[in-house]
Amino acid sequence: MSCFCIPNCIPNNLNLCLLPDKNHDSDRDGLISIHELKALISTGYCRDIPAYIAEQILRKSDVDNNGQLDFDEFYTMSLHHKWMIRNLLTRYCRYVVPPPKPLQGDEPDGAYEKQMSICPPPLTMVIFSIVEIIMFLVDVIYFQDDPNHNQRLGESTNGPAATLCIYNPYKRYESWRFLSYMFVHVGIMHLMMNLIIQIFLGIALELVHHWWRVALVYLAGVLAGSMGTSLTSPRIFLAGASGGVYALITAHIATIIMNYSEMEYAIVQLLAFLVFCFTDLGTSVYRHLTDQHDQIGYIAHLSGAVAGLLVGIGVLRNLEVHRWERILWWIAIVFYFALMTTGIIIHIFVPDYFPKPEYN
C-alpha cells in the first residue's frame with residue numbers, strides 16, 4: 001500500500017502526490033491518478049489499514065450506512081475532512097512503513113565523541129575531590145592553633161581525619177582503610193596534583209561512560225593500590241588517591257583499545273597516554289634509585305594502573321563489539337578477579353606475613 005497525501009481540493013484530472021508503489025502506478029509517471037486510486041481501493045490493497053483508522057474513516061464518511069466506503073464517499077470525504085485525511089494517512093504511513101535501518105558496518109570515526117552527554121552532569125570525580133578537600137581541611141584546622149605543630153601545611157598524618165582514614169598496616173582489621181586512605185594527602189601539592197588529574201581525566205570518561213563506571217574504575221584502582229602495597233611492603237603506611245588517579249589514566253588506554261575504530265584521532269590519544277605512562281615510570285625508577293628518602297608509593301601507582309586497565313576493559317562502554325574484544329574482556333575480568341582474590345586469601349590465611357595488629 002502506497003502512502004499518499006490528498007490536497008485540499010481534488011479536481012478529476014488532478015494527480016495525487018504520492019510515494020507510489022510500482023505495482024500501483026500503472027502509467028509509470030511517478031504519480032497515482034484518480035483512476036489509479038479508484039482501482040487501488042476497489043482491488044482491496046487497502047485491507048492492511050489498521051482497524052481503528054478504518055473505523056474512523058467509515059464513521060465519518062459512510063453516507064449510505066452500508067458499512068462500506070465507495071470511491072465517491074472517499075472523494076467527498078477528502079473535500080470536507082482534509083485535516084482528518086492528512087492526519088489519518090500520516091498515522092497510517094508511520095504504522096505501515098518500517099523505520100530506516102542503520103547501515104551495516106563499522107561506525108565512522110568520531111562516533112565515540114558523539115556519545116558524550118552532560119545529562120546527568122559528570123560530577124562523580126568532583127564529589128570525590130570535594131570530600132578529599134574537606135578531609136584535608138579538617139586536619140589543617142585541627143592543627144591551626146597548636147603551638148607544638150611545626151610541620152608545613154597539611155603534612156601531618158596525626159590529625160583526626162588522617163588517623164581515621166590512612167592505610168595503617170597495623171590496623172588491617174579496619175577494612176575500610178583499604179579504600180579510605182584516598183581521602184588523606186600529605187601536603188598541599190600532593191592534594192592539588194591528584195585533584196587536577198582526576199577531575200580532568202574523570203570528567204572526560206564520565207561524559208561517555210556515565211558516573212557508575214568511572215566510580216568503579218577509580219575505586220578499583222584505590223583498592224588495588226592498598227592491596228598491592230600491603231602484599232609487597234607489609235609495613236608501609238599509605239596515603240593519597242594516586243591509585244585511583246593511575247586507574248583513570250590507564251582506563252583511557254582501555255577505552256581507546258576497545259573503541260579504536262569509533263574514536264577520532266585514536267592513535268594520537270593512545271600515543272599521548274603511553275608517552276605519559278612510560279615517562280612517569282622512568283621518572284619513578286630514577287627517583288627511587290637516587291633518593292634514599294623517597295616515600296612515594298610506587299607499588300600503589302602500578303597496582304592502580306593495572307586495575308584501571310583491566311577494570312576499564314571490563315566495565316567501560318564498547319560501542320561496537322568485535323570477537324577479539326569479547327575474548328579480551330573475559331581475559332581482563334578473570335585476571336583482575338584472580339589477582340584480587342589471591343590478595344584477599346593471603347591477607348586472611350597468611351596473617352604471619354603481616355605485622356602484628358594493634359588494637360589500642
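Hydrogens, waters and symmetry mates are skipped; everything else that's a heavy atom, side chains included, is used.
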R177 and Y167 have their tightest heavy-atom pair at O-CB, 3.9 Å
Could you please spell out the steps behind the side-chain contact (heavy atoms from CB on, under 4.5 Å) verdict for I133 and L195?
-> CA-CA 9 Å; I133 292 173; L195 294 184; 3.5 Å; yes
Distance from L339 atom CG to L310 atom CG, nearest 0.5 Å?
-> 7.0 Å
Is a side-chain N or O of S230 found less than 3.5 angstrom from the main chain of S226, in a donor-acceptor match?
-> no
So, does E206 use its side chain to make a donor-acceptor pair with the main chain of T124 at under 3.5 Å?
-> yes
Between M227 and F178, the two heavy atoms sitting closest are N-CD2, 4.4 Å
Counting only N and O atoms by type, is there a donor-acceptor contact under 3.5 Å from the side chain of R317 to the main-chain atoms of H209?
-> no
Can you tell me if OH on Y142 sees more than 12 non-hydrogen neighbours from other groups inside 6.0 Å?
-> no
Flag yes if M258 and L274 sit in one hydrophobic cluster, no otherwise; membership is Ile, Leu, Val, Met, Phe, Trp, Tyr, and two members link when side-chain heavy atoms are under 4.5 Å apart.
-> yes
Evaluate the criterion ring pair (Phe, Tyr, Trp, His ring centres under 6.0 Å) for residue pair F136 and H185; output intermediate values, then yes/no.
-> CA-CA 7 Å; F136 183 81; H185 289 83; 7.4 Å; no
Any donor-acceptor N/O pair, N194 side chain to G240 backbone, under 3.5 Å = no
Does any non-hydrogen side-chain atom of F183 lie less than 4.5 Å from one of L164?
-> no
Side-chain contact test, heavy atoms from C-beta onward, threshold under 4.5 Å: evaluate it for L223 versus L219 and give yes or no.
-> no
Is there a path of hydrophobic side-chain contacts, each under 4.5 Å between heavy atoms of I, L, V, M, F, W or Y residues, that connects L328 with F337?
-> yes
Is it possible for you to say whether L207 and I196 belong to one hydrophobic cluster, with membership spreading through side-chain heavy-atom contacts below 4.5 Å?
-> no
Residue pair R172 / P355: nearest heavy atoms and the distance that separates them | NH2-O, 4.4 Å
More than 12 heavy atoms from other groups under 6.0 Å of CH2 on W211 = no
Is a side-chain donor or acceptor of T250 paired with a backbone partner of Y246 at a separation under 3.5 angstrom?
-> yes
Around atom OH of Y173, are there more than 12 heavy atoms of other residues, nucleotides or ligands at under 6.0 Å?
-> yes
Atom pair CD1 (I197) and CG (L248), whose distance is rounded to the nearest 0.5 Å | 10.0 Å
Spell out, as yes or no, whether a donor-acceptor pair under 3.5 Å connects the side chain of H252 to the backbone of L201.
-> yes
Donor-acceptor pair, Y181 side chain versus F237 backbone, under 3.5 Å?
-> no
Does Y353 reach the main-chain N or O of L231 with its side chain, forming a donor-acceptor pair under 3.5 Å?
-> yes
Whether over 12 other heavy atoms sit under 6.0 Å from M193 CE = no
ILVMFWY cluster, M192 and V140 together (side-chain gap under 4.5 Å) = yes
F335 atom CZ, over 12 foreign heavy atoms within 6.0 Å = no
hydrophobic_cluster_shared for V184 and W176, side chain cutoff 4.5 Å | no
Should the ring pair W324 and H322 be called parallel, tilted or perpendicular, given that the plane angle runs from 0 to 90° and is split at 30 and 60?
-> parallel
Given N318 and N259, is the side-chain contact (heavy atoms from CB on, under 4.5 Å) satisfied, shown in steps?
-> CA-CA 6 Å; N318 184 359; N259 296 285; 3.6 Å; yes
